[in-house]
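So you know, we letter chains A, B, ... as the sequences are listed, proteins then strands, and number each from 1.
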Amino acid sequence: MATTGEVLNASEYIQHHLTNAKMCSTDGGVAFNNACQDAGFWTWHIDSLLFSAGLGVLFLWLFYKTGQKATTGVPGKFQCFIEMCVEGVDKIAKDSFHGRNVVIAPLALTIFVWVFLMNFMDLIPIDFIPEAANRFLGVPYLKIVPTTDLNVTLGLSLSVFALIVFYSIKVKGIGGFVKELTMQPFNHWALIPVNFILETVTLIAKPISLALRLFGNLYAGELIFILIALMPWWAQFALSVPWAIFHILIIVLQAFIFMMLTIVYLSMAHEDH
Amino acid sequence: MNINATLLGQAISFALFVWFCIKFVWPPLMNAIEERQKKIADGLADAGRAAKDLELAQAKATEQLKEAKVTANEIIEQANKRKSQIVEEAKAEAETERAKILAQGKAEIENERNRVKDDLRKQVAVLAIIGAEKILERSIDPAIHNDIVNKLVAEI
């Protein structure tokens, strides 16, 4: 596992592929991987962070460069593609989100493209990058699909949750927000506790479901790729190719759902009852 | 599946990315798209206007063509009228000319006839005299009886 050249049995292989590269600070500086077992919360999955940040920068760099060179005349093919993404997201945001907010559409674009790119890492044959990193850089653990890390999806969905709360309070005021939590769905003072429990569960369920949906889909997909990789090398293509093709649908769909639900949740936060 | 600080890092990078996207990525792309949309809309409007102009021009051309036809017809009619007028005039002129020539011819014939009549009378008179001379032979002196002969000639 941690050392190269060792032959792994099936469960060890799977375990190895599901382990993130960890980093934590200890008394004597920084420690990695197994040394971080006791670090608790303050452990960083550096592979998830690096890959997600790298992909985010890639997305922003591509779109920024295109935006700078964007011609208002006849656009090139790449500009066309970028504009198609931007316009599509803008249209969806305008259709589902009524009212004016300059944040929603760019937020949705960021989520869609970024999550798509992170999901896309799933289509890279699972041993390519980890094996190369192990051989040439001496990195023992590496998970290259950030969205198969619950921390990543939860980080995204909690940010969305913060925005939901922020806009709820901004639009309706603290009183309005509290009222929304306590006076619905039963508009009676005696039922305030019931209302509060119901509405709070509804509110908390939003980020949790967002995070778990994305994580669950990608984790399962990754796991199946790992299981396929346990087969003899000459037979793998028979399963991995159909699964990868099917997975193309999933990664786009999950990115789209995450974006769509974000827009819908924020739109609901803006609505005054 | 341990929850750890990764999620904070992820949230921070997410916030930064969204901020960057709002600030630097979205506006230029959206501007380009909107500007192009405006251009296309203008172009379409121009095309519509051009089509309308063309229609108007065609209607105008048809109108002018019709007018030209009417004018041409008028001109042809006038020419026809003028032609028949000229022919009429020429006919009348020819008629008078013919009458004149005819009258002249008649007068000349009359003159000639009169002259021939005179000649004939004279010759008849001479013949009468010659006849009378032959009958009378000597009894008649032409010099003495000349006045009688002349009287006879005038009578014939």
Side-chain angles (χ1 to χ4, degrees), chain A residues 18 20 22 24 36 39-46 48-49 52-53 56-57 59-64 66-75 79 82-83 85-87 90 102-103 105-107 109-111 113-114 146 149-160 162-163 211 215 219, chain B residues 1-69 71:
Chain A
L18 295 178
N20 282 101
K22 298 190 194 72
C24 58
C36 285
F41 181 78
W42 292 107
T43 312
W44 307 85
H45 288 166
I46 45 175
S48 298
L49 284 173
S52 67
V57 169
F59 148 62
L60 289 175
W61 175 71
L62 280 178
F63 277 59
Y64 178 75
T66 311
Q68 293 306 303
K69 288 194 302 186
T71 163
T72 58
V74 179
Q79 194 191 332
I82 298 288
E83 283 184 1
C85 294
V86 171
E87 216 178 350
D90 188 53
V102 290
V103 174
L107 173 77
L109 179 73
T110 310
I111 287 174
V113 181
W114 193 25
D149 185 349
L150 185 58
N151 292 298
V152 169
T153 59
L154 209 56
L156 285 173
S157 69
L158 287 179
S159 305
V160 172
L163 281 175
F215 164 73
Y219 190 76
Chain B
M1 277 317 107
N2 34 6
I3 303 297
N4 58 31
T6 310
L7 99 104
L8 295 179
Q10 183 69 11
I12 291 167
S13 46
F14 182 45
L16 287 175
F17 289 154
V18 170
W19 170 79
F20 188 88
C21 186
I22 294 170
K23 201 88 183 159
F24 299 109
V25 172
W26 193 261
L29 283 170
M30 217 55 209
N31 281 345
I33 291 170
E34 272 162 10
E35 208 158 303
R36 183 165 331 104
Q37 277 175 338
K38 207 173 141 283
K39 262 189 195 170
I40 291 171
D42 287 352
L44 286 175
D46 280 351
R49 213 173 307 128
K52 211 182 261 174
D53 283 355
L54 180 69
E55 214 169 278
L56 279 176
Q58 269 173 345
K60 211 171 165 190
T62 322
E63 187 77 14
Q64 275 177 343
L65 212 67
K66 224 184 266 172
E67 248 170 59
K69 258 182 199 162
T71 319

Task: B/Phe17 and A/Trp114 aromatic ring geometry - parallel, tilted or perpendicular at 30°/60° bounds - done: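 A/Trp114 vs B/Phe17 ring planes: perpendicular.
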At a heavy-atom separation under 4.5 Å, does [X] approach chain B through its side chain, its backbone, both, or neither?
X: A/Thr71; value: backbone
X: A/Ile46; value: neither
X: A/Leu60; value: both
X: A/Leu107; value: both
X: A/Ala162; value: neither

Output the option from [options] having the highest count of non-hydrogen pairs under 4.5 Å with chain B.
options: A/Ile82, A/Leu49, A/Leu154; result: A/Leu49
options: A/Ala70, A/Ser157, A/Ala53; result: A/Ala53
options: A/Leu109, A/Val103, A/Thr66, A/Asp90; result: A/Asp90
options: A/Thr110, A/Val57, A/Thr72; result: A/Thr72

Top of [options] for chain A proximity - count of heavy-atom pairs under 4.5 angstrom:
options: B/Lys38, B/Glu35, B/Gln37; answer: B/Glu35
options: B/Trp26, B/Trp19, B/Phe24, B/Phe20; answer: B/Trp26
options: B/Cys21, B/Pro28, B/Ala11; answer: B/Cys21

Task: Criterion side chain to side chain contact (heavy atoms under 4.5 Å, CB included) on A/Trp42 and B/Leu8, from CA distance to verdict - done: CA-CA 10 Å; A/Trp42 292 107; B/Leu8 295 179; 3.9 Å; yes
Open item on the list: Exactly one of A/Ser48, A/Ser52, A/Ser159 should register a side chain to side chain donor-acceptor pair (under 3.5 Å) with B/Gln10. Which one does?
Closed with: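 Exactly one pass, corresponding to A/Ser52.
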TODO: Taking the side chain as every heavy atom from C-beta outward, state whether B/Ile3 and A/Asn151 have any pair of such atoms under 4.5 Å apart.
DONE: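 Answer yes - side chains close enough.
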